[in-house]
Protein chains: 2
Amino acid sequence: MFLKMLACITKASNHPGKRMAVTLKEVAERAGVSRSAVSRTFTEGASVSAKTRAKVEKAAKALGYSPNAIASSLTTGRTKLIGLVSNNFHNPLFLEVVDLFTRGLQARGLRPLLVNLSNETDPANSVRMLRQYSVDGVIVASSTLPPSFAEAFRDAGVPVVHSFGRYTTSPHVHVVGIDNNACGRMAAYALIARGHKRVAFLGGPENATSTQDRERGFLDALAGHPDISVSVSYARAYSFDAGRAEMTRLLQSSHAEAYFCGDDVLSIGALSAIADAGLHVPQDIGVIGLNDMAMARWQNINLTTIRQPIAEIIEASIELVVGTIDRPDRHPETRLFPCRVIERGTLRKPEG
Amino acid sequence: MFLKMLACITKASNHPGKRMAVTLKEVAERAGVSRSAVSRTFTEGASVSAKTRAKVEKAAKALGYSPNAIASSLTTGRTKLIGLVSNNFHNPLFLEVVDLFTRGLQARGLRPLLVNLSNETDPANSVRMLRQYSVDGVIVASSTLPPSFAEAFRDAGVPVVHSFGRYTTSPHVHVVGIDNNACGRMAAYALIARGHKRVAFLGGPENATSTQDRERGFLDALAGHPDISVSVSYARAYSFDAGRAEMTRLLQSSHAEAYFCGDDVLSIGALSAIADAGLHVPQDIGVIGLNDMAMARWQNINLTTIRQPIAEIIEASIELVVGTIDRPDRHPETRLFPCRVIERGTLRKPEG
DNA sequence: ATATTTTTTGCAACCGGTTGCAAAAAAAAT
DNA sequence: ATTTTTTTTGCAACCGGTTGCAAAAAATAT
């Protein structure tokens, strides 16, 4: 009895090393049943008697069998693969995003197939590639790509959601994110509340939708305050270096009292320029960022910023993409999550 | 003529939206050739006459066909999928790692299937999952997991390389990374050269192989210097908070003159604790990190650190994994890349 | 022109699974 | 014990491709 168990274990642990890929057929033969029976044993909710299931499971265990997801996808039409497409691989926030996406997808039995766009903005290659792999759905995670990028997937018949994307009134694809416009306004109000009279927007790249929208909102909110002067400039990327470079440039002429920066990493670059110029934050210059990435609360940074609820955004994105897989004709939806100012040390206290 | 073109375009652009997945068969029928002919047209180096190739390509274009990689993998035995497994999703360095891996793999026509281990240390689930997807190979990117983790893949017959893994004299899997031991010694020499007499290692988690090895090297190098006192402590993770917490604790008693921190992010946490204690770097305390992640050279951090050449490590890892896919019996190799000290502002100049 | 060699082509089997269907077995009803 | 109903089972076709093989076609040699 003990010997038998031992033999069994030995055999089992030998097998995988030697022989690649145990197949359904081998299990069927060993268990003395049809291939269908084996298939059914491993298919949720299929009809198998307890007796055959036992035989099959025993044989499968002995052989170290686990069903080939690729092969089964051929008939079921589901690969459980989700394309995760982004061009954001240099922003620390994106690491948090990847972490949450992978965990969220895994929790639902889905696998992320990662696509790094680098600087590519044409969706054609990604679409072709992800269709070749028959992904069940695609998540485009980018605050810079235009809606047309995600739409290319929809046009190819692939369920898609654009996370961190631009809100449009008549969306053609699901969009989950924040109202960048509203965030711009929120930043403006924050600066107004602090009595700043010369404020500025230090944006990301001018062609990033998020920068465009945040600027719009910022300016709109300030339009009703003619006593406040506003200026606008752009960093060449959402990056530390770009933020630092732009702020360094700004400090050479007469600068504003407070800056709304396009995002956190830009803010941190700006802060470093400010420190190097011998100015103090928030006394001499105020800075408010956007994102609230993990690093923003590091004590040596301590950035006042607008929090974007990325965990919720990502949850909703996943939910929406799986929803669309189940019902491909589902109407495109826009889900925007509210943001809020996180008070830290780079903006002085509101007046009064 | 123009009308014909137009009609053609319209048809083509209509198709993808409506109908999922154009198949080989449909192309074959439209082109009036056998399915084999179509298959061969899309297979590198297969025998097709110019005439049929033209017919097939025309039909394929019209239908918007592109071959199904999943289906073909069934017969070719190659999915071109590479599992990228890690537990490192909170270290900013890892974003750079993911960026380089995805780009490197994509450049070779391979697709990264990302697996986030979170805190899981048992390889069983990852192995099963990645085998179900028939990945061609696996890259385990972790400086904390033991060799046995990657070995589980090899035991399952999956080509694997452990990037950033521990060096062993008789490796059972490919290991690419750095000599952590040597790095520990390098750090020690750097501190010795600066004339520090009380030095310390502020490690990462005690069970991380990288921390164990760096400590070993550090202590070994200092063993020959009885005039220098050494102490050792551990942060509970490779994270800002952990580094800060541990340094805060250390500063409560009499602290060392210079610290070799387990990695950069730990160093940054430590630096923030030092700053908050009103001490100055490098005058009052010196810090040297390890990794040289992008952030280390930010001017507001300006960390003296030991550079780990991650681009080379990743290139080599990819090369090794594809090499093993081609020759599965390839002997396990260890490739260690040299590191070097990057002088910045957190360690005073060497003496003399 | 015919014979020989080379290239191209389609047939059919296969990769590793799933699934509709009808027959067989088991369970429930009579 | 027989009939009816329900469950389980295997057959065979299929998913979307690839590939060995032999026949057909084209190219080259005689």
Side-chain angles (χ1 to χ4, degrees), chain A residues 19-57 59-60 63-81 128-136 157, chain B residues 19-57 59-60 63-81 128-136 157:
Chain A
R19 168 187 296 269
M20 290 286 293
V22 186
T23 74
L24 195 67
K25 193 164 135 208
E26 302 175 49
V27 177
E29 278 162 7
R30 183 175 180 127
V33 298
S34 73
R35 293 159 59 229
S36 328
V38 180
S39 174
R40 292 192 175 105
T41 311
F42 288 92
T43 307
E44 191 74 9
S47 166
V48 220
S49 70
K51 213 178 305 170
T52 41
R53 146 156 286 143
K55 283 195 289 185
V56 169
E57 281 176 346
L63 261 32
Y65 171 78
S66 79
N68 183 325
I70 293 283
S72 76
S73 83
L74 222 44
T75 37
T76 61
R78 291 267 135 81
T79 54
K80 299 187 167 197
L81 251 26
R128 186 165 33 70
M129 197 234 101
L130 289 173
R131 269 177 43 125
Q132 288 182 332
Y133 278 86
S134 313
V135 294
D136 290 347
Chain B
R19 167 186 296 269
M20 291 286 293
V22 186
T23 73
L24 196 66
K25 194 164 133 207
E26 302 174 51
V27 177
E29 279 162 7
R30 181 173 182 129
V33 298
S34 73
R35 292 160 60 228
S36 327
V38 180
S39 174
R40 293 193 175 105
T41 311
F42 287 92
T43 307
E44 192 73 12
S47 165
V48 220
S49 69
K51 214 179 306 172
T52 39
R53 149 156 284 144
K55 284 195 288 185
V56 169
E57 281 176 345
L63 260 33
Y65 171 77
S66 79
N68 183 324
I70 293 283
S72 75
S73 83
L74 222 44
T75 36
T76 61
R78 291 268 185 289
T79 54
K80 300 189 167 197
L81 251 27
R128 186 166 32 71
M129 197 234 102
L130 289 172
R131 269 178 43 124
Q132 288 183 330
Y133 279 86
S134 313
V135 295
D136 290 347

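Naming convention: chains lettered A, B, ... in sequence-line order (proteins, then strands); numbering from 1 in each chain.
The CG atom of A:Leu24 sits 17 Å away from the P atom of D:dA12 (whole-angstrom rounding). Taking atom CZ on B:Arg53 and atom P on C:dT8, their separation rounds to 10 Å, with Å as the unit. Atom CG of B:Leu74 and atom P of C:dG17 are 9 Å apart (whole Å). If you take NZ of B:Lys25 and P of D:dC14, they are 8 Å apart, rounded to a whole angstrom. If you measure from atom CD of B:Glu29 to atom C1' of D:dG16, you get 13 Å, rounded to the nearest angstrom. The distance between atom CZ of B:Arg78 and atom C1' of C:dC15, rounded to the nearest whole Å, is 14 Å. C:dG16 atom C1' lies 14 Å from atom CG of B:Asn68, rounded to whole Å.
Annotation: salt bridge (Lys or Arg N to Asp or Glu O under 4.0 Å) contacts of B:Arg35 (sequence neighbours excluded): none. Every residue two or more places apart in sequence or in another chain that forms a side chain to side chain donor-acceptor pair (under 3.5 Å) with A:Ser49 is listed here: A:Thr52. For B:Asp136, the side-chain contact (heavy atoms from CB on, under 4.5 Å) partners at least two apart in sequence or on another chain are B:Arg78, B:Thr79, B:Lys80, B:Ile82, B:Ile325. With sequence neighbours excluded, no residue forms a side-chain contact (heavy atoms from CB on, under 4.5 Å) with B:Thr75. Among residues two or more places apart in sequence or in another chain, the salt bridge (Lys or Arg N to Asp or Glu O under 4.0 Å) test is passed with A:Glu29 by none. Under the rule for a side-chain contact (heavy atoms from CB on, under 4.5 Å), B:Ala54 has no partner lying at least two apart in sequence or in another chain. Among residues two or more places apart in sequence or in another chain, the side-chain contact (heavy atoms from CB on, under 4.5 Å) test is passed with A:Thr23 by A:Lys25, A:Glu26.
Checking the phosphate oxygens (OP1, OP2) of C:dG16, no side-chain nitrogen or oxygen of B:Tyr133 falls inside 4.0 Å.
No donor-acceptor pair under 3.5 Å is formed between the side chain of B:Arg53 and the backbone N or O of B:Val48. In this structure a side-chain-to-backbone donor-acceptor pair under 3.5 Å is present from A:Ser34 to A:Ala37.
Residues from residues 33-52 of chain B placing a heavy atom under 4.0 Å of any atom in DNA chain C, listed by number, are B:Val33, B:Ser34, B:Ser36, B:Ala37, B:Arg40, B:Ser47, B:Val48, B:Ser49, B:Thr52.
Comparing the local axis fitted to the first five base pairs of the helix from C:dA1-D:dT30 to C:dT30-D:dA1 with the one fitted to its last five gives a bend of 30°, rounded to 10°.
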